[in-house]
Protein chains: 2
Amino acid sequence: MAEAPLNVGLLLHIPYRAMESRVFQALAAAGFDDFTPAQARVFQRIGPEGSRLTDLAEQAQITKQSAGFLVDQLERAGYVERVPDPTDARARLVRVAERGAKAIPLAAAVVAEVEAEWARHLGERRMSQLRGILTQLREITDPWQ
Amino acid sequence: MAEAPLNVGLLLHIPYRAMESRVFQALAAAGFDDFTPAQARVFQRIGPEGSRLTDLAEQAQITKQSAGFLVDQLERAGYVERVPDPTDARARLVRVAERGAKAIPLAAAVVAEVEAEWARHLGERRMSQLRGILTQLREITDPWQ
DNA sequence: CTACTTTAATCAGAGGCTCTGACTATCTGT
DNA sequence: ACAGATAGTCAGAGCCTCTGATTAAAGTAG
């Protein structure tokens with residue numbers, strides 16, 4: 001794809017993967033060792049009041065069948081629960097359950113820690129530029145606004 | 001993981017995924033429709049003189065069994081070939097084959113096109129800042145130098 | 001030169017992730 | 001009331017990745 005000056009796509013992927021590994025290592029060390037990246041990509045999108053399976057699938061850019069498969073596992077492991085959607089009898093809301101709620105602050109802490117490391121390396125100024133540029137870039141690269 | 005101000009990890013992932021989709025769409029449209037992201041992650045790392053399976057596996061951060069599986073498929077599809085390593089009879093070099101060589105300039109063109117779109121949106125100045133910051137960030141997030 | 005250790009690659013088996021296609025139940029709009 | 005759209009599931013297939021064991025060749029020490 002590129003050689004000498006790594007393409008920006010790859011450059012974006014490298015720190016992303018580093019962040020992801022750190023979060024998963026920390027979660028596993030804290031006993032959340034049944035928890036896969038694929039499950040996390042769905043779990044992450046669950047809104048405060050719960051989300052419908054179809055919405056989770058769209059946002060994670062997978063089919064609803066795949067999302068259903070992953071939610072099944074998250075449910076079995078106690079991270080989420082499914083409740084009827086009061087506004088639509090066809091639908092069910094996927095909500096964060098007790099065990100999932102415990103994992104969230106832990107993950108958030110690791111994210112904050114890694115971001116702090118990056119800020120130390122880049123300097124606060126460049127770190128905040130990075131955030132600003134990525135937010136602007138999101139305008140044309142995020143299909144889900 | 002985060003809510004209001006998206007965490008930087010996620011912000012990095014959004015444009016990466018956009019870039020990847022664009023490249024795969026273009027390859028598929030040009031007849032390279034048997035070519036998966038997993039295969040690409042290995043293919044991408046093949047050096048100009050060919051690379052050993054073990055090195056490809058390390059750089060792609062997968063096991064050598066997985067790398068072997070993917071190289072098998074790339075070989076069957078004509079993207080790569082395996083030749084004996086003249087310096088070590090245990091090893092074989094995975095090299096880009098004819099069909100693979102044809103796909104490379106196409107992928108490079110799409111990468112350039114997407115980068116140009118991003119530069120238009122961000123402005124040349126911020127695009128070049130992005131590249132610089134990511135390159136610096138790579139120093140502490142890339143296990144392979 | 002021989003024995004031990006390491007390295008490159010493969011084989012075998014298992015499980016996880018994602019997809020397409022088909023189906024049921026419910027809602028929406030006319 | 002009916003046709004079409006939407007939420008979710010079931011069934012089946014294929015792809016990706018892993019752990020553990022194995023073969024062959026290299027490197028190393030005595």
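Computed from a predicted structure; not experimentally measured. Computed over heavy atoms, backbone and side chain alike; hydrogens, waters and symmetry mates excluded. Each chain gets a letter, A, B and so on, in the order its sequence line appears, and its residues count up from 1.
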Quickly work out the B:I62 CD1 to C:dA8 P distance and round it to whole Å. 16 Å
Just to confirm, is there a sub-4.0 Å distance from OP1 or OP2 of D:dT6 to any side-chain nitrogen or oxygen of A:T54? no
side-chain contact (heavy atoms from CB on, under 4.5 Å) filter on B:T36, not counting sequence neighbours, yields B:A38, B:Q39
Is the shortest side-chain heavy-atom distance between A:L27 and A:V110 below 4.5 Å? no
For DNA chain D, the residues among residues 83-100 of chain A that have a non-hydrogen atom under 4.0 Å from it: A:R90, A:A91, A:R92
Can you tell me the distance, in whole Å, between the CZ atom of A:F24 and the C1' atom of D:dT17? 15 Å
Not counting sequence neighbours, list each pair that qualifies as a salt bridge (charged side-chain N to carboxylate O under 4.0 Å, His left out) and has a residue in residues 65-81 of chain B. B:D72-B:R82, B:E75-B:R82, B:E81-B:R95
When rounded to whole Å, the CD to C1' distance for the pair B:Q61 and D:dC16 reads 16 Å
Looking at residues at least two apart in the chain, or sitting in another chain, which of them share a ring pair (Phe, Tyr, Trp, His ring centres under 6.0 Å) with B:Y16? A:H13
To the nearest angstrom, the CZ-P distance between A:R82 and D:dG8 comes to 9 Å
Within the pair A:T36 and C:dC17, is there a side-chain N or O less than 4.0 Å away from OP1 or OP2? yes
Can you find a side chain N or O atom of B:T63 that sits less than 4.0 Å from OP1 or OP2 on D:dT19? no
By a strict heavy-atom criterion of less than 4.0 Å, which residues belonging to residues 64-72 of chain A are in contact with DNA chain D? A:K64, A:Q65
Show me the pairs that pass salt bridge (charged side-chain N to carboxylate O under 4.0 Å, His left out) and involve residues 37-46 of chain A, at least two apart or across chains. A:E20-A:R41
For the pair made of CD in A:Q73 and C1' in C:dC17, what is the distance, rounded to whole Å? 8 Å
